[in-house]
Amino acid sequence: MRISLQWLSEYVDLPAPEELARRLTAVGLEVEAVERTGQGLDGVVAARILSSVKHPDAEKLSVTSVDRGDGRPLQVVCGARNYQVGDLVPLATVGTTLPGGTRISKAKLRGVESFGMLCSARELGLSEDASGLLILPPDAVPGTPIATALKLDDVLFEVNVTPNRPDALSHLGIAREVAAATGTPLKRPAAAPREGGPPAAEAVKVRIEAPEKCARYAARVVEGVTIGPSPLWLQRRLERCGIRAISNVVDVTNLVLLELGHPLHAFDLDKVAGAEIVVRAARPGERMTTLDGKERVLDPDDLVIADRDRSSALAGVMGGGDSEISAGTRRVLVESAWFQPATVRRTAKRHGLHTEASHRFERGADPGMVTAALDRCAALIAELAGGTVRPGVVDAQARPAPRTTVRLRWKRPGQLLGLEVAAGDIRRILGGLGFTERDSDGEGATWEVPSWRVDVTIEEDLVEELTRTLGYQVIPETLPRLALDTPAIAPRLEAQARTRVALEGHGFREVVSYAFVPPQDLEAFEPGVKPVALKNPISAELAVMRTSVVPSLLRTAAFNRRQGRDTSRLYELASAFWPRAGADRDPPAVERPVVAAVLTGRRSPLSWATTGEPSDFHDLKGAVESVLAALGVEAVFEQAGRAVAWLHPRAAALVRSSDGARLGALGEIHPRVALAFDLPRGVLACELDAAALLAASRLVPGYRPIPRLPAVLRDLAVVVDEPVAAAAVTALVREEPLVEEVTLFDVYRGAPLAGGRKSLALAIRYRASDRTLTDAEADAAHARIVERLTRAVGAQLRA
Amino acid sequence: MADLLGQLESLAMGAREASASAADERALEELRVRFLGKKGELSAVLRGMGALPAGERPRVGEVANRVRDQVEALLAARKASLAGAALEAELSGPALDVTLPGRHLAPRGGRHPVTQVREAIVGVFQRLGYEVTDGPEIELDWYNFEALNIPADHPARDMQDTFYVDEATLGPGEQKGDVVLRTHTSPVQIRAMLRAGKPPIRVICPGRVYRSDYDMTHSPMFHQVEGLCVDEGITFADLKGTLAAFARAFFGPGTRTRFRPSYFPFVEPGAEVDVSCTICGGTGKKDGKRCGTCKETGWLEVLGAGMVHPRLLANVGYDPARHTGFAFGMGVERMAMLRFGIDDLRLFFENDLRFLEQF
């Protein structure tokens, strides 16, 4: 809400602007910006035209002599004709730069010297009027700076009015707060119009057919008006507050809106068919053209203002073109009503309209302002557009504003704030804000809420009134007494922390990406997937909730490749989203926290000390193994084949816990996925299910004694067929009870081995827990292993 | 006897000269054999002792032992000296190039700045005894709005541009009102209170939130941290003390806080909380110039807070006559921008490694 301090000062005495801004902010009306107007008109002063003669050499120019207050007449050549000798006009003196950028210098126009320029309103940037010189009020003093003479030097506040405070959406409303905060009296604008002629009730009838949506509808009639432009002061007030001036009658309704906060509407009464106003629900399929020129199909939930034949306004939102005030309007009907906030809001939203009127009605207009605003408006129309206000208000459901009362216990502020507020202070503060004490006793008092404070309904609201007046600084600082045990760190958070450390130790860097992704990303990733979609996405690129976090990481990897970073290791801990699994509607979707990682490019950073090999499957697997180890998860890796749509079937693994639960998948991304994400072949990715990991985890490791008896070490190299999995070989080795550990330390292919064969070199540690193992025992165990391998996988001992 | 003593004397002298010129350990070993070995010179002299009268033998034996000791000491000294020289020679050799970069088998990993700041915020509250909790990001309207005293058709809904979920894509089942992407972490307040069943409750809820807004200072997804404390006798003073303690712990010991009245539908009374500017220390001036971070005000708005609205307590079955509580919330990105001096919110979600690697 834009507030003009010049205007505001008509209702209350103001402190300096900086102090005022501080005070308003302190009571919860945050002043977000301060703007000063009337700047840039230095050098323009009021001047009186002493004489004016025709230019000797130019048909359209005059040579004037003007007095700018220093007693030395100045010669100025002028092209306008709308003035008379004796008028006061703006003079831009030599050296001035006008708002449009024109620089005034001493000039010769057709041989006649000119020492300045007489200006139109447009040249001063005040309005669009360029029809002639701006004629100043006769009481202006020559030599006065134009900003002062025209009261242009105003200060404008941009006040952030929170949605609960519709009462502060006007100059009077802000003035009320200033008066309460500074303890100065409030001056209300005069209201009552002078009436004449036959009663208004004979000119128009009002009927409310939808009383649940319109609590009150009052109207006045002003006859014999002449539509024309508003006076400059009025136009300026509106423009400073961001409203375009249109015509005197319309401008007055807007002026009263900004002044008193109550939205009004003016109809051309001669266009109201049947001289009847009906407040009713829109009929199914009914159409109306609103003032913005759009034809709208109405909804039966819309409340309209209609005449006998058709609707002519969307109640509380926008008028219609049919009954609009126009140049020929003679009789005006002014509407002042109170519409149900939710109705106005639904209609405004439905039609995509947000107007000054709907903004106030949907927050709650002051029911006590209905007739006051109407009177003020009618009086101003009569004053500025001529005409007569017909006697009386045509008031359907005339009734006093409903009165809300709220009880406040004297103790309650102390209980809620930790600061006792004395009864005397409570009375002073609430009284100053317009609350009326109805009755009181030793326990508390009942307060009648002023009609404009629609936000105050419960005791806590009154406590807030106290705190915002006292200021939060008076409340002490304490800490809550600890009534709870110190909470343990939840296992899921512990697991999360360990997962991060493990991945970061492997060089992975966390990214944070949007949870909504382009649908085609998911389709390329997992053809046929049906993600949860947004109704109103920001763009098609952010339209569906990701079912996997890997696509986001692939996008990020591709983005960084475009920035010249071929090597990256990325991870993200976030949720993947799925349609709900069963009938459970709370929560409404399945959210599966996952651990996702992507690896591209070199294994090690470019360096003199490392080789430049590309990363491969086992680099990623190493990182995954570290995560599993950090969480104490016993897991197995198995060939995934084509079970994971986004992985290359020849380099894809499933991770399962020792009891078979699926923990996730890893591998090289599918060539189709690489292509879709503009990535090269060989990019590696994994996604692990955080909940499954947690279920399989052992965050507190069990202790095993350090062996005291010596071990026997033996190496073994066996040649097997290529398809024989390393894990199958090591598992066979472990079947031997004396084996404590087996480490696969080399895999060799090539001469002299036959094609399709590979050699696996194993370091085996034998140990018995109860005795020192002899060489003979170890040799026997070793032999059993060789035999077992030969039998089971056709292994040959490598020479 | 004199003859034997003379031999011992010359043996000692010979050993002194020979050891002094021994070039390495092997030469020293040869000397040890030559002088002290079984067939060495000393043994040869001692063999001559048998010819001496018995009375003279002790005297010669005594000298022979002394000579043996001398020779051993000479050899040991020479050995030590040779080792010292060898070590010195090794130490004096050409040094390696310590300016060559260290070896990194993998790049340096790390955490996103938003995560770092979130962990710092949550850490402060964990030390204050708050339990970390969370709720769903795809949320029912009831939790995100209704239960938080933001009814349908209420202008407070305009405070947050909401993403709505297409219910047809949610799978089978009847709807329980609109489904939204949560616009704040406040619904976790409701879930936490319902889960706890009754006070006391003290939780901190970090999480992702979504609003339909996108520019330099707005992201459609960002992070909030929400705090909630409900019990008997919880006051606004407790809220002030808690947030003042947080501000000092997070921003630094001298940080001041300021509460201004404001409006959030789920609290009453409500406040916006400012901290003294972290850049200019609250003076509004930095190096004699206008402080751009706080726009010369000396204050930075960082939190929203207030006393839990009695309607919320009633909505979860708590007794507002008996229990009071406070709640607060803050934007993690805002805190991160202040902490690191970042001016464009979008950088956090672009995930350019050149940005992320700075943290």
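Lettering follows sequence order; numbering is per chain, from 1. Every value quoted in this text rests on a predicted model; they were computed, and no experiment measured them.
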Is it the side chain or the backbone of [X] that comes within 4.5 Å of chain B heavy atoms, both, or neither?
X	value
A/E459	neither
A/Q415	backbone
A/T457	side chain
A/L416	both

Mutual orientation of the aromatic rings belonging to A/Y472 and B/F236 [parallel < 30°, tilted 30-60°, perpendicular > 60°]: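 Judged by the thresholds at 30° and 60°, the geometry between A/Y472 and B/F236 is parallel.
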
B/F349 and B/H223 aromatic ring geometry - parallel, tilted or perpendicular at 30°/60° bounds: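 Parallel.
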
Go through [options] and name the one with the most non-hydrogen pairs under 4.5 angstrom from chain A.
options	result
B/I138, B/T324, B/T133	B/I138
B/Y263, B/W142, B/F326	B/Y263
B/E268, B/E131, B/H104	B/E268
B/F264, B/F348, B/Y143	B/Y143
B/L105, B/T242, B/L128	B/L105
B/A106, B/P107, B/P261, B/P101	B/P261

Residue-level contacts of residues 464-471 of chain A with chain B, using a heavy-atom cutoff under 4.5 Å: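 The list, in residue order, reads A/E464, A/T467, A/R468.
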
I'd like to know which of [options] tops the heavy-atom pair count under 4.5 Å against chain B.
options	value
A/K530, A/R492, A/H506	A/R492
A/F577, A/Y514, A/F508	A/Y514
A/T478, A/T162, A/D586	A/T478
A/D619, A/I475, A/L493	A/I475
A/I458, A/V463, A/D455	A/I458

Test ring-ring contact (aromatic ring centres under 6.0 Å, His included) applied to B/H218 - qualifying residues, sequence neighbours left out: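 Not a single residue meets the ring-ring contact (aromatic ring centres under 6.0 Å, His included) criterion with B/H218.
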
Cation-pi check, B/R256 onto B/W299 ring (under 6.0 Å, within 45° of axis):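 Yes, a cation-pi geometry holds between B/R256 and B/W299.
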
Geometric cation-pi criterion, B/R111 with B/F359: 6.0 Å, 45°: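 B/R111 over B/F359 ring: no.
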
Validation row, ring centre B/F328 to ring centre B/F246 under 6.0 Å: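 No, ring centres 6.0 Å or more apart.
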
Ring centers of B/F163, A/F516 separated by less than 6.0 Å: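 Aromatic pair counts; centres sit under 6.0 Å.
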
B/R258: salt bridge (Lys or Arg N to Asp or Glu O under 4.0 Å) partners, not counting sequence neighbours: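 Counting only residues at least two positions away or on another chain, B/R258 forms a salt bridge (Lys or Arg N to Asp or Glu O under 4.0 Å) with B/D274.
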
Interface moiety of B/E350 toward chain A, non-hydrogen atoms closer than 4.5 Å: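 Interface part for B/E350: both.
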
Region of B/L100 that comes under 4.5 Å of a non-hydrogen atom in chain A: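 B/L100 touches chain A through backbone and side-chain heavy atoms alike.
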
Non-neighbouring partners of A/D301 that pass side chain to side chain donor-acceptor pair (under 3.5 Å), sequence neighbours left out: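 Partners of A/D301 under the side chain to side chain donor-acceptor pair (under 3.5 Å) test: A/K213, A/R346, A/R350.
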
Donor-acceptor side-chain pairing of B/N149 and B/R311 below 3.5 angstrom: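 There is such a pair between these side chains.
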
Donor on one side chain, acceptor on other, B/T183 and B/T162, under 3.5 Å: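 No, no side-chain donor-acceptor pair sits under 3.5 Å.
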
CA sep, side-chain torsions, deciding dist, call: B/E137, B/R208, salt bridge (Lys or Arg N to Asp or Glu O under 4.0 Å): CA-CA 7 Å; B/E137 294 168 37; B/R208 299 180 178 213; 5.0 Å; no

Ionic contact status for A/R165 with A/E177, cut-off 4.0 Å: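 Yes, this pair counts.
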
